[in-house]
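Data block below; observations after.
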2 protein chains.
Amino acid sequence: MANQLDSVFSAMADPTRRAVIERLLDGPASVSDLHATHDMALPSFLKHIRKLEDAGLVTSQKTGRTRMIHIEAAPMRAAEDWLSRQRKLWEGRLDRLQALAETLERNPQ
Amino acid sequence: MANQLDSVFSAMADPTRRAVIERLLDGPASVSDLHATHDMALPSFLKHIRKLEDAGLVTSQKTGRTRMIHIEAAPMRAAEDWLSRQRKLWEGRLDRLQALAETLERNPQ
DNA sequence: AAGTTGGTTAGCCATGTGGCTAAGTAATCT
DNA sequence: AGATTACTTAGCCACATGGCTAACCAACTT
């Protein structure tokens, strides 16, 4: 689990990879199609794809000479859940601080 | 903005740093207190703190020889929002696929 | 003043990262 | 069969990363 969060957050830490994820949410795409909108050498781009695949965020299937890339939504969900939990803890704490401030306002001591 | 997401996701990509964030949601803590629960050399640990600070996830204040670390929730929120938006796109797409499947089920063509 | 505590700086290490070019293989098209 | 297309492998680069030790400075305690 900790390893999954590591690899998912790390994969999301690059704008090229985030753009790839955004594109794939519209549907599977070939490496060439994905690459076409990025101004970098193909081997470099493939490294990004590889990182997304290693993080479990995408899967790929080679058919003939074409490799199609498919999104996998669950790992991203794990990252969102972690962040969401922290936000809830934070908001809960703010609520308690607010309540304490109001109490002190009524009962200055 | 893209730089903020880069640095926040990158900061979250390490278990030590996530643990620090989780602890700080309970309230500010000194470097020493934070460090006490991690089995690594202090200079190494301070590098992690530095990375969180550079990502805007924490701020620090030195008083005398003690440095207190405080959480900053907004950058984490930005990361959560990005992930949340992708999930919504994904869920919307699943809904459309489901509706299509149901249509085809009723009108096999 | 001496000792202790809390943090800082500097340098090291092996590995990883985001790019590059060059060369190669396999699939497809003409 | 030759040319083109879609990837793949290999090696390079400068810099970053997650740790280490050693030495140091400042604040605090005794």
Side-chain angles (χ1 to χ4, degrees), chain A residues 1-24 27-70 75 79, chain B residues 1-24 27-70 75 79:
Chain A
M1 178 57 77
N3 277 338
Q4 187 190 36
L5 284 180
D6 294 354
S7 57
V8 170
F9 280 127
S10 180
M12 294 290 91
D14 178 80
T16 298
R17 294 196 289 272
R18 288 199 299 277
V20 168
I21 291 290
E22 286 175 324
R23 166 63 186 79
L24 289 172
S30 67
V31 166
S32 293
D33 285 345
L34 291 170
H35 175 233
T37 54
H38 294 271
D39 186 28
M40 78 176 65
L42 181 58
S44 308
F45 187 75
L46 284 169
K47 273 188 181 176
H48 287 302
I49 299 295
R50 189 60 207 246
K51 179 133 179 160
L52 289 172
E53 196 159 12
D54 289 346
L57 289 158
V58 303
T59 55
S60 69
Q61 282 173 313
K62 192 159 189 186
T63 308
R65 66 186 184 181
T66 304
R67 184 172 289 279
M68 298 298 290
I69 313 291
H70 305 247
Chain B
M1 179 58 78
N3 277 335
Q4 188 191 35
L5 283 181
D6 294 355
S7 56
V8 171
F9 280 128
S10 180
M12 294 290 89
D14 177 80
T16 298
R17 293 197 290 271
R18 288 200 297 278
V20 168
I21 291 291
E22 284 176 323
R23 166 62 186 79
L24 289 172
S30 68
V31 165
S32 292
D33 284 346
L34 292 169
H35 176 233
T37 53
H38 294 270
D39 185 26
M40 76 175 67
L42 180 59
S44 307
F45 186 77
L46 283 168
K47 274 191 182 173
H48 286 303
I49 300 296
R50 190 59 207 248
K51 177 132 183 164
L52 289 172
E53 197 160 9
D54 289 346
L57 288 159
V58 304
T59 54
S60 68
Q61 283 173 312
K62 193 161 189 184
T63 308
R65 65 187 184 179
T66 304
R67 183 173 289 279
M68 298 297 292
I69 312 292
H70 304 247

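Note that this is a predicted model, so its numbers are computed, not measured. Convention: sequence-line order gives letters A, B, ...; per-chain numbering from 1.
Under a 3.5 Å cut-off, the side chain of R17(B) and the backbone N or O of A11(B) do form a donor-acceptor pair. Judged purely by atom type and a 3.5 angstrom limit, T59(B) has no side-chain atom pairing as donor or acceptor with the backbone of G56(B). A side-chain donor-acceptor contact under 3.5 Å links H35(B) to the backbone of M40(B).
M12(B) has its CE atom 14 Å from the P atom of dT17(D), to the nearest Å. When rounded to the nearest whole Å, the span between CG of L42(A) and C1' of dT8(D) equals 9 Å. In this structure, CD1 of I49(A) is placed 10 Å from P of dT8(D), rounded to the nearest angstrom. One can place CD1 of I69(B) at 13 Å from C1' of dT8(C), the figure rounded to the nearest angstrom. For the pair D6(B) CG and dG19(C) P, the computed distance is 10 Å after rounding to whole Å. Atom pair F45(A):CZ and dC20(C):P shows a separation of 12 Å (rounding to whole Å applied). Between the CZ atom of R18(B) and the C1' atom of dG18(D) there is a distance of 14 Å, given to the nearest Å. Look at CG on L46(A): it is 18 Å from P on dT25(C), rounded to the nearest Å.
Scanning all heavy atoms of the two residues, the minimum distance from R18(A) to M12(A) falls at NH1-O, 2.8 Å. Among all heavy-atom pairs drawn from P28(B) and R23(B), the shortest one is O-NH2, 4.2 Å.
Proximity note for D14(B) (side chain, C-beta onward) versus dG18(C), dT21(D), dG18(D): the nearest is dG18(D). Checked against dG19(D), dG19(C), dC7(D), the side chain of H48(A) finds its nearest nucleotide in dG19(C).
Taking 4.0 angstrom as the limit, S44(A) places a side-chain polar atom (N or O) nearer than this to OP1 or OP2 of dC20(C). Side-chain N/O atoms of K51(B) include one lying less than 4.0 angstrom from OP1 or OP2 on dT17(D).
Across all strands, R50(A) comes closer than 4.0 Å to no nucleic acid atom at all (heavy-atom distances).
Taking CD1 of I69(A) as the start and CG of L57(A) as the end, the distance is 12.5 Å to the nearest 0.5 Å.
Not a single side-chain hydrogen bond (donor to acceptor under 3.5 Å, both in side chains) links H38(A) to another residue, sequence neighbours left out.
Where V31(B) and M40(A) each meet DNA chain C at their nearest nucleotide, the meeting point lying more 5' is that of V31(B).
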N/O-N/O pairs, protein side and nucleotides 23-27 of chain D side, under 3.5 Å:
residue: dA27(D); atom: N3; partner: R65(B); partner atom: NH1; Å: 2.7

